[in-house]
Each structure stands twice: as C-alpha cells, then as structure tokens.
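Not measured: the values here are computed from a predicted model. Sequence lines set the chain letters: A, B, ... in the order given, protein chains first and strands last, and positions in each chain run from 1.
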2 protein chains.
Amino acid sequence: MQLDERKVKILQAIIRNYLETGEPVGSRTISKYTDLNLSSATIRNEMSDLEDMGYIFQPHTSSGRIPSDKGYRFYVDSLMEEKVAELNTMRSELELKADKIDVLLQHVAKLLAVNTNYATMVSKPKAKHPKLKFLQLSEMDMQKLLVVVVLDSNEVKNRIVDMDIAVEKEMLLKLNVVMNTFLQGLDLTEINMSVVQQMKQQAGEYSTLVTNILDAVADAVSEEEDMIYTSGATNILKYPELNDNEKASKLLYTFEEKKQLTQLITDSMDDENNRGIQVYIGDETPLDSMKDCSVVTATYEVEEGVYGKIGIVGPKRMDYEKVVNTLQSLMVDLDNIFKEKS
Amino acid sequence: MQLDERKVKILQAIIRNYLETGEPVGSRTISKYTDLNLSSATIRNEMSDLEDMGYIFQPHTSSGRIPSDKGYRFYVDSLMEEKVAELNTMRSELELKADKIDVLLQHVAKLLAVNTNYATMVSKPKAKHPKLKFLQLSEMDMQKLLVVVVLDSNEVKNRIVDMDIAVEKEMLLKLNVVMNTFLQGLDLTEINMSVVQQMKQQAGEYSTLVTNILDAVADAVSEEEDMIYTSGATNILKYPELNDNEKASKLLYTFEEKKQLTQLITDSMDDENNRGIQVYIGDETPLDSMKDCSVVTATYEVEEGVYGKIGIVGPKRMDYEKVVNTLQSLMVDLDNIFKEKS
DNA sequence: GTTAGCACTCATCTTAGTGGAGTGCTAATA
DNA sequence: TATTAGCACTCCACTAAGATGAGTGCTAAC
C-alpha cells in the first residue's frame, strides 16, 4: 500500500488535531474539519489503511486514533524538509562578554520555556580543547595563592592554591611571567612533560608550587560542572499523558540532577551529522525517563569547533511546528544579541 | 480546660502515629499502641477535649483525628525544648577555600535531601557588607580589562571592563597599586565620593576607566544571583497530601525559580531572634506555595556577621524529630569539614 | 470509489449499595 | 468520680450495575 496524497492529508489532519486536543481523534472529526469533503465512512477506510501501515493506532478498540511514533516521525520529517534550507544559514557567531554568558543562557532557557510551555535546557558551549589565554597569580595571604585562568573564549576561572613556603613578591612576579611565557596559547594536551620541566627549572626552589599551580589550572580548564541550564521543568506536570506521577517524577528528577541531560547533549553532539535541528520521538530518545516524550534539540556554533545545544522536552503530541519555528527565531535573536555585544 | 500529662501523651501519640501513616488516627489505635492502658472510649473523651482545645481535628465527621497547625506547633515546641541547649553550641565556624564553597553547599543540599526525603535548600553565607581584600587588574586584549575582585571571605569574582583608550602596561600596574591602596579593606558603603575623587586624580587621563572599574567592582560585590542551592524538589511528589497537582506544581515551581526561596531565607534571616533552628508550620510559612507544608530552617554562622541558612520543606506530617536531629548532625559534620579544610 | 446506516465496542460517568473504621452518647462499673 | 462497654449513627472508600456517547467495522446501495 502506498501513502497517496489524500492519506498524507488525513494523517496530517489527525496529528494536528491530536496535538491540539490530546484526545484520540475520530473519523467524524476529520470529515468535518478538513477541506477534503469526504464522509466519515471514507475517512474510516483510510484510517484503517493508515493503521495497517503503522502511522496511527487505537489506544483501545473502537476509540479514535492517535499517532504512533512512526506517525510523528513522518510528520516531523515532512515538516523539516521545508525548514532545512533556512537552518543551514543559522550559525550564530557568538563571541561575547564571557562573564555574562551564564546569565544569558539561563535567560534563553527561561524564555524558551515560557514561550513553548515545555521543559527546556541549554548547554554552555564548550571547546573540546580550550586554550589558555593567560594566567594571573596573586597573593591572597601568606599561605594562599590566587590563580586566575583566562581561556581563549574569554572565560575566566579561579582557583586557590596553598603555598607551603612563603613566596616573595618579586618571585611571584617572576613566576607569573615564566608560566605565562610557557603556557600562553596552549591547551591541556600541549602541556607536556618537557614544558613542565622547563618551567620547574626556572622556578628553582618553588618547583612544587609550579606543580600545584598546574594542577589547579588543569582542574579549572577541564571543569565541566553545571554546563547545563534548565527551565520550565514544572511544565511537565501540565501534560496529563506524562502525569502518571511515576513518569513525571522521573522526568523532573532528570531535570533536577542535570547529569543525565549532559549525557543526552554530549551524546548527540559527538555525532558530526547532528548539527542543526534534531527531533527524538518516544523511544528514539537516549534517556529512559524520556521514552514517553519527544525531545527537540538545536545545535549552535559559537565559533569554529565550539558548539552548544538547546533542547526542548515535551509530550509526544508536541507542537512540532511551533517548537521548530521558535527554536529558529530564538537563534536569530541570539545572533543579534551576540553581534551587538561583541 | 488544661493540658494535663495524659492529654499531652495522647496528643503526642496521635501526632507520631499520623506522621508515620499519613492517615487520620482513631481512638482504638491509640488505646492499643500506647503504654497508657486506657480503653478506646476514654481516649475518645480525651480526644474530644483535645479537639475542643484546637490541637486536633477531624477532616470529616466520624473520621479519625489529625493534628492541627496548633497541634504540630505544640509538638515541635516541646521537642525543641530538649534540643535548644545543644543547638546553641552549634555555630560552625566555616572559613574554607571559598572557591569550593559552591560545590560543597550543593553537596550539603543533596545529602540532606537524600537523608530526609524532603526538599532542601541551602543558602550561601553572605556578609551584609563584604569588604574588599584586593583587586587585580589584567589586560585581556587591547580593548578588554579583566578585573578580579577578592573579598574578605576569600570569595573571588571577576568582571570584564571595556577600555575606550589603550592603556600601557606600566599605567596598568600603577592603577593596580593605586586602587588597591585606596580600596583595600573597605566595603561598598565606605567607598565615598572623596575616595573616588582621590583615585581619579591619581589616574589622570584614565579617570573614566576608574569609574568603569568601580562600577564593575560594585556589581561584583553586590551580586546575589544563585545564592541558593536546592535539592530533592521532586521528593514533594512522594507525599499524597501535597500531590494535588496544583499545589505540587506551584511548589516545584518555587524551587525551580529560587527567587522566592531567597525571599523566604532573607526574611527569616533579618530577624536577629531567628538564629538556630526554626520551624514554620502551614500558614506560618511566608510563602504562599508552602501553606500546606512545613518548613524547618537552621541558621549557621561562618564568622561574625556572616550567616547562611539550611532549609527543609516537606509535608506538615514531617518527621520533625528526625529532621531536627539530621540538621544538627549535619551541622556538626560541616563543622568538621570546615575545620579540616581551613 | 464513495456513502449511509446499523450493530457493536468500550471508556467514562452516574448511581446505588456495602463494609468498615470511627465517633458520640448512655448506662453500668470500679 | 473516672473509666469502660456497648450500641446507634456517620461517612468515606470501594464495588457493581446501568446509562451514555463517541467511535468503529461492515454491508449494501448509490
């Protein structure tokens, strides 16, 4: 059997209607509210076909139909085709005041959640191998040394290092210069034993301090915690089909913990093909707690090799059209914001 | 009528039982499971008295009794009396590596949530008027200046300031010295126009830069965002009495937003009498979304004038005894951790 | 190929009935 | 006088039995 044009129209009508109401949709509804001018009986025949083909199914005998995962998939795919062209032009080249990026991304998550009424997540763009821009060593007190690490992305991190022996001001200045000379522009993989040895040599009796500082730097650079901003998790409770209190609970927990979300995002990010907008329906999502949901993610590229993801989690009867459009226009907005700022 | 010893015992038995089961408790239950050896009829009479006095009530005619807010209040107060003495010795003097404090507090929130099965929150200790320990100005690139602000509490913040005119390395060093000389040890209220003027004078043509830097410093010092760490918010769904999906939703939202939590905590913190452990029952809580809950908070003092709060939110039938004990022992643990670290 | 019509299914809502836990009251007892 | 046993009563929670209605599948006619 083949999906002719009429079947496609009916399928789309069924899905759209279901997205609105959340109720199984019957043949009479479709026959009344479409421009097809077909009787309910005809629709019934077509629906029966669509069911055989696996696009829709009945939750119980003699109820209306709801879209299967395959049905959603078809809907999304046909929707996507129209959008893909635009999407390719979407790369936002964001390089902005990095100290505000946390606030911004949190804001984006919130905005998206408020606009869509779904749960959202935004991951912080992270370079695979961030390079060091410079270090700044300052004495906090007799025993403590403040190490400020500035990355190529203008991200600033700081660590406090214990000093076993008192270090004179001049020595500190010298250390500062030495370490910067050696480390500037390097990423973690490039800081090898040879480099370390040379630095230690120059530091003389303070070579242990150098080791401690390097540890702190490595720690700061590789820190990954809290890379994800979420919002609207409570929106999940608005959808009866997710609200069986077992599922909702698990889902909310996933959002609270965030750890699994990181996995979801990094998983989908490693795949080079997964740029642009991606839709996971039901079982397609990598996370167990989301098997009854749909997840839409979008990748954005801040600069060469630095990607972040924006994701939306909602019920399978998600308003895919709106979500995709919102994601897109959000990207454009982001683009503008970043351009203004930089 | 008076609360004689027997009434107290019966009231406590009722509350304990209700805490365990979550069901209204009847006279027969009490007569069987206490060492009072009274018949259910006697208990009934006493219960009737307790109801008249407002400590318990029937959710509907001829059902068992459940504690009223007043009943909980009595229970908690009599519980507290035993504990207050210990509590006064509890102040933990935490001064630790400030860069790890975020992680630590998040961990505390989680630990507490896992142990109690309630929702928890921990506020970051914040001095009313934090003093500046020192500043560190570094050049990021031609147009950007990195300002690192270190507070008395060893907290480190950074801001990026735009430079309109290029600044020479030497000038930057000088500015660094000048600003530190003037600002070290001051809090925001002490940086007055006189101080600002003197600094500007020394800075000569770079006086606008000084203004910008000061703005950044003020911004960094007064920043309050994300002062609260939460965990276990999803535990709320475990309690049927909160799970009417309207209430649960609001509660979870409160935890997601955190803004209101800040209010709850700062509200209770301003009151000088509210040190130590505090219990809000039902309507006593300042937040609307928690009118059906109980909230237990504990204040901890890091150093003179620097307080933080730990809070637990759960159903009114909270296991107050356990919560209070847990909060206490957690304090002790914290104490030890901080002592090791500092 | 399309449609009208009819018998059938099944979730949902309503209603009535039942059981049980619990109370209040009264009269008897220690 | 305080305590207790006993009984009538209340009301929630649960179940079973219709009633309703939306929706289907199938057949025969157009």
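Judged by distance alone, the side chain of T285(A) and the main-chain N or O of I281(A) form no donor-acceptor pair under 3.5 Å.
Legend: salt bridge (charged side-chain N to carboxylate O under 4.0 Å, His left out) pairs involving residues 18-27 of chain B, not counting sequence neighbours: none detected. Sorted by first and then second residue, the side-chain hydrogen bond (donor to acceptor under 3.5 Å, both in side chains) pairs with a member in residues 54-65 of chain B read E51(B)-R65(B); sequence neighbours excluded. Applying the salt bridge (charged side-chain N to carboxylate O under 4.0 Å, His left out) rule to pairs touching residues 285-295 of chain B yields K247(B)-D292(B), sequence neighbours excluded. Annotation: ring-ring contact (aromatic ring centres under 6.0 Å, His included) contacts involving residues 9-32 of chain B, sequence neighbours excluded, are absent.
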Protein-nucleotides 24-28 of chain C N/O pairs closer than 3.5 Å?
{"from": "dG24(C)", "atom 1": "OP1", "to": "R65(B)", "atom 2": "NH2", "distance (Å)": "2.9"}
{"from": "dG24(C)", "atom 1": "N7", "to": "R44(B)", "atom 2": "NE", "distance (Å)": "3.1"}
{"from": "dG24(C)", "atom 1": "O6", "to": "R44(B)", "atom 2": "NH2", "distance (Å)": "3.3"}

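Residues forming a side-chain contact (heavy atoms from CB on, under 4.5 Å) with N45(A) (at least two apart in sequence, or on another chain): none. Applying the salt bridge (charged side-chain N to carboxylate O under 4.0 Å, His left out) rule to K316(A) yields the partners D69(A); only residues at least two apart in sequence or on another chain are considered. Qualifying salt bridge (charged side-chain N to carboxylate O under 4.0 Å, His left out) partners for R6(B), counting only residues two or more places apart in sequence or in other chains: E46(B). Listed by chain and number, the residues in a side chain to side chain donor-acceptor pair (under 3.5 Å) with K70(A) amount to none (sequence neighbours excluded). Looking at residues two or more places apart in sequence or on another chain, you find a side-chain contact (heavy atoms from CB on, under 4.5 Å) between S27(A) and S40(A), I43(A), R44(A), M47(A).
The nearest whole Å value for the distance from the CD1 atom in I43(A) to the C1' atom in dG1(C) is 14 Å. With rounding to whole Å, F57(A) atom CZ is found 14 Å from dT24(D) atom P. The distance from atom CG of L38(B) to atom C1' of dA30(C) is 15 Å, rounded to the nearest whole Å. Between I66(A) atom CD1 and dT24(D) atom P there is a gap of 13 Å when expressed in whole angstrom units. One can place CD1 of I10(B) at 12 Å from P of dT23(C), the figure rounded to the nearest angstrom. Nucleotide dA4(C) holds its P atom 12 Å from the CG atom of N37(A), rounded to whole Å.
Electrostatic pairing of E257(B) and K110(A) counts as a salt bridge here, judged by a charged N lying under 4.0 Å from a carboxylate O.
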Protein heavy-atom contacts under 4.0 Å, written 5' to 3' over nucleotides 8-15 of chain D as B (base), S (sugar-phosphate only) or - (none), form the string --BSS---
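At a non-hydrogen distance threshold of 4.0 Å, nothing from residues 22-30 of chain B comes into contact with DNA chain D.
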